Number of protein chains: 2
Amino acid sequence: MGRKRTKSGKIRLAEVAELAGVSPITASRFFRNPEALSVAKRTRVESAAKELGYVPNLAARALASQRTEVIGVLIPSLTNNVFSDVLRGIYDAYEGSRYSIQLSNTRYSILQEERLLRLFLAQKPAGLIVTGIDQTTESRAMLEAADCPIVQIMEIGPNPVDMMIGFSHYDAARAAIAHLFAQGHRRIGFVGARMDPRVQRRLDGYVSAMKDASLFEQRLVVTTATPTSVTLGGALFTDLLAREPGIDAVFCANDDLALGVLFECRRREIAIPEQIAIVGFNDLEFMASAVPTLTSVRTNRYEMGKTAATMLIEAIDGRRPEQPVLDLGFKVIERQSSSSRHQDSRPAASGGSAQNKMVALPSGHD
Amino acid sequence: MGRKRTKSGKIRLAEVAELAGVSPITASRFFRNPEALSVAKRTRVESAAKELGYVPNLAARALASQRTEVIGVLIPSLTNNVFSDVLRGIYDAYEGSRYSIQLSNTRYSILQEERLLRLFLAQKPAGLIVTGIDQTTESRAMLEAADCPIVQIMEIGPNPVDMMIGFSHYDAARAAIAHLFAQGHRRIGFVGARMDPRVQRRLDGYVSAMKDASLFEQRLVVTTATPTSVTLGGALFTDLLAREPGIDAVFCANDDLALGVLFECRRREIAIPEQIAIVGFNDLEFMASAVPTLTSVRTNRYEMGKTAATMLIEAIDGRRPEQPVLDLGFKVIERQSSSSRHQDSRPAASGGSAQNKMVALPSGHD
DNA sequence: GTCTGTGCTGGTAGCGCTGTCAACGATCCT
DNA sequence: AGGATCGTTGACAGCGCTACCAGCACAGAC
């Protein structure tokens, strides 16, 4: 269909402008701010672009305009289910927007994060999503000096760089322990892996709740820096039992560990919840399906990603949210594994300063 | 430390060149082809760049050189464990290379894939990784016309666009059924969700194996287009039982479904493997940890991602692999859920035209 | 002494787009 | 009527980098 081409075979804005009978700059404006054109020229440029199959050269645009339409996303892990839910939310929110996402994996290293941050900021991103609140001082300084909106996700804390969305892992852990107390449990163990800052804060919440009840003992806590897995859950639980055979409940820092504990109990023929109660964290999809069904602390990961991305776009477009720090809360979902009445899923304690509306979480996998 | 800055506050290549006492073009060469410089200038430029904290402007580089250092990656899902393992491999391989990854999610839609492909190709990526072999004709044409290396991942098929890495889902399913036959099972059900092309080929493998043994019946097959989940595994298995109470084994198209079947059997007090055997697909980490441990078909997902990325970089740098199509094979990992001897994990049948070396799979989550 | 080849370096000219500013006609106000 | 304002359009310059080609010094060949 008679395409006009340059030597490189690419259709440039100039070709579109020529076909539409306007100047290149007018054609350019069509893509950035169509309202500024008269209706006649707008339709002319539009059809010319479509006819030629014009696709803008992002590099040229970025160079000329001194800004990119790239959102940088820094997360500590690609495989952790928790982050894949968040990511899905982020990608869903950007769907159809003009921004593209540049994802990088810090591998739970704040030094790595600092390096990536330097790299990102040099490309003048339109916005940035970073995980957590534990940056290096250097990273923190770079973030504060950055001239783009920034959202910190996964947890909330006292000094937001800019915007922040998450929940209190400390409070969530305390709520889980409070639930176990309410079910009559006293010797509650803690099982944790990876021990990133957020898991550490869950541990802190556990410790404080136990201390408040004068029930804390160091030997009730089993943790490792090893990446989490179901198998590891079984192994850590085995350690815990060896140290303290008299436990009557286990609070697991995440659901994979909880599933591992469940299987280990099956192996040892320990009755759940009669002999030992189990509470997980995150409420992954399988928790409701296990036998017995497993109590967990539900966190709004998909919503967190989606809202973070939406807030960021709004802020980039100049509409800063009235509320820069958003607490998405959590909810203890009581199931058979911790129910003294051995009945099925019933909401229990919940937290978060927000209204804590529970959105339907999309199923864990697709 | 007396930094020289332009009005934008950025350090440009020109500043580096000036400090090093060379021309800008020489400084430029340092970053692309350091060997072309004399040792004296090389060290001068290097220290100047470091002193000024120079970070190249990628947009300018892309515009001037007419190529980007971006690798496009098209996958159908962000949350499916399978793809997160592949992604981790890809990201690991790019670690430290000068390429960056642009990830897009096709959501299992080949139309969406076509749209994204058009977008990607317009930016002249350095290379492309696409999932599977079922592109639209238009996509296929674009891929073939693209002037960059391309790797198709997840499965292997007859007409590679360029390079290809994966394994035969058809053969893998046949091997799983052969294993069940060997254990004495005859009435084997199939449970599948999502039914993307690869799951479809697993179903085809199941059907052909069953037909070969004259054991195929349509009512043994229960599938849905719904995204997979553990809960769904239980539900589909319930359907299967209702249709055909006499089954003695279930082949699940993935491990989540298998876990759901396991839990459903627990709920119904069906003994595994005595009454019904279970075989999953992918060998996710938890399969070895379940009670009973679950048989699965191991696939080398992490290695697939890593190798795909490595091959792509090699090809970009002009070193095309001697073997453009790589079959990574699979391996039926026999565990308690399908063992008539009720013993623990023992390798059984394996496939793939490659030497089928089993690399240690990194644990499923981190 | 000239010629050719090699290794290194620099000048020039863009890559495709957008920021800025100026110009134009049409409309509105005094 | 004159001036101000608005909406719309275009000319020009330049973003930071690299492709291309030319030039230089030096070594070896004739």
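Per chain, numbering begins at 1; letters A, B, ... match sequence-line order. A quick note: this is a predicted structure, and the numbers were derived from the prediction, not measured.
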J.: Can you measure B:F30 atom CZ to C:dT9 atom P for me and round it to whole angstrom units?
T.: 13 Å
J.: Whole angstroms only, please: what is the NZ-C1' distance between B:K124 and C:dC15?
T.: 11 Å
J.: Whole angstroms only, please: what is the CD-P distance between A:E35 and D:dT8?
T.: 10 Å
J.: Do the rings of A:Y108 and A:F83 sit parallel, tilted or perpendicular, given the 30° and 60° boundaries?
T.: perpendicular
J.: Any base atoms under 4.0 Å from A:Y54, or only sugar-phosphate, or nothing? Heavy atoms, all strands.
T.: sugar-phosphate
J.: Can a side-chain donor-acceptor contact be found between B:Q123 and B:T68 if the only test is distance below 3.5 angstrom?
T.: no
J.: By the 4.0 Å heavy-atom rule, please label B:R67 as base, sugar-phosphate, or nothing.
T.: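 Here B:R67 touches the backbone only, sparing every base.
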J.: How many whole angstroms separate atom CD1 of B:I25 from atom P of C:dC8?
T.: 16 Å
J.: In whole angstroms, how far is the P atom of D:dT9 from the CD atom of A:E18?
T.: 18 Å
J.: Between A:D92 and B:R107, does at least one N-O distance fall below 4.0 Å, as a salt bridge requires?
T.: yes
J.: Tabulate below the donor-acceptor pairs under 3.5 Å that side-chain atoms of residues 146-162 of chain A make, not counting sequence neighbours, or state none.
T.:
unit_1, atom_1, unit_2, atom_2, d
A:Q152, OE1, A:V161, N, 3.0
A:Q152, NE2, A:G132, O, 3.3
A:E155, OE1, A:R201, NE, 2.6
A:E155, OE1, A:R201, NH2, 3.1
A:E155, OE2, A:R198, NH1, 3.3
A:E155, OE2, A:R201, NH2, 2.8
A:D162, OD1, A:R320, NH2, 2.2
A:D162, OD2, A:I150, N, 2.8
A:D162, OD2, A:R320, NH2, 3.2

J.: Under 3.5 Å, is there any donor-acceptor pair linking the side chain of B:R29 to the base of C:dG10?
T.: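 Yes, the side chain and the base share a sub-3.5 Å donor-acceptor pair.
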J.: Can you confirm whether the side chains of A:R88 and A:S84 place a donor and an acceptor under 3.5 Å from each other?
T.: no
J.: Looking at D:dC17, C:dT18, C:dC17, which one has an atom nearest to any side-chain atom of A:S65?
T.: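 So the side chain of A:S65 is nearest to C:dT18.
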J.: What is the separation between atom CG on B:N57 and atom C1' on C:dC17, rounded to the nearest whole Å?
T.: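 About 14 Å, once rounded to whole Å.
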J.: How do B:K41 and B:L63 order along DNA chain C: which one's closest nucleotide is nearer the 5' end?
T.: B:K41
J.: Measure the distance from CG on B:N33 to P on C:dG10 and round it to the nearest whole Å.
T.: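 For the pair B:N33 CG and C:dG10 P, the rounded distance is 16 Å.
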J.: Tell me which nucleotide among D:dT18, D:dG10, C:dC8 gets nearest to the side chain of B:S38.
T.: C:dC8
J.: Taking CZ in B:R67 as the centre, count heavy atoms belonging to other residues, nucleotides or ligands within less than 6.0 Å. Is the count above 12?
T.: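 No, not enclosed.
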J.: If you check the B:Q66 side chain, which of D:dG16, D:dT18, C:dG16 turns out closest?
T.: C:dG16
J.: So, does B:T26 get its side chain near the phosphate of C:dG10, meaning an N or O under 4.0 Å from OP1 or OP2?
T.: yes
J.: Quick one: which of D:dG14, D:dT18, C:dG10 gets closest to the side chain of B:S28?
T.: D:dT18
J.: I need the minimum non-hydrogen distance between A:M304 and A:V86, along with the two atoms involved.
T.: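 Nearest pair, atom of A:M304 first, then A:V86: CE-CG2, 4.3 Å.
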J.: Need one value for B:R32: base, sugar-phosphate or nothing, where a base atom within 4.0 Å counts as base even if backbone is also close, heavy atoms only.
T.: sugar-phosphate
J.: Report, one pair per line, the protein and nucleotides 26-28 of chain D atoms (nitrogen or oxygen only) whose separation is under 3.5 Å.
T.:
none

J.: Tell me the closest heavy-atom pair linking A:A60 and B:L63, and the distance in Å.
T.: CB-CD1, 3.6 Å
J.: Give me the atom names and distance for the closest heavy-atom approach of A:I90 to A:G305.
T.: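 Reported closest heavy-atom pair: CG1-O, 3.5 Å.
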J.: Mind grabbing the angle between the end helix axes of the helix from C:dG1-D:dC30 to C:dT30-D:dA1? Five pairs an end, 10° rounding.
T.: 40°
J.: Roughly how many Å is it from CZ in B:R44 to C1' in C:dT9, rounded to a whole number?
T.: 12 Å
J.: Angle between ring planes, B:Y99 versus B:Y94, binned at 30° and 60°: parallel, tilted or perpendicular?
T.: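 Answer is perpendicular, since the angle exceeds 60°.
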J.: Where the side chain of B:A60 is concerned, which of D:dC17, D:dT18, C:dG16 is the nearest nucleotide?
T.: D:dC17
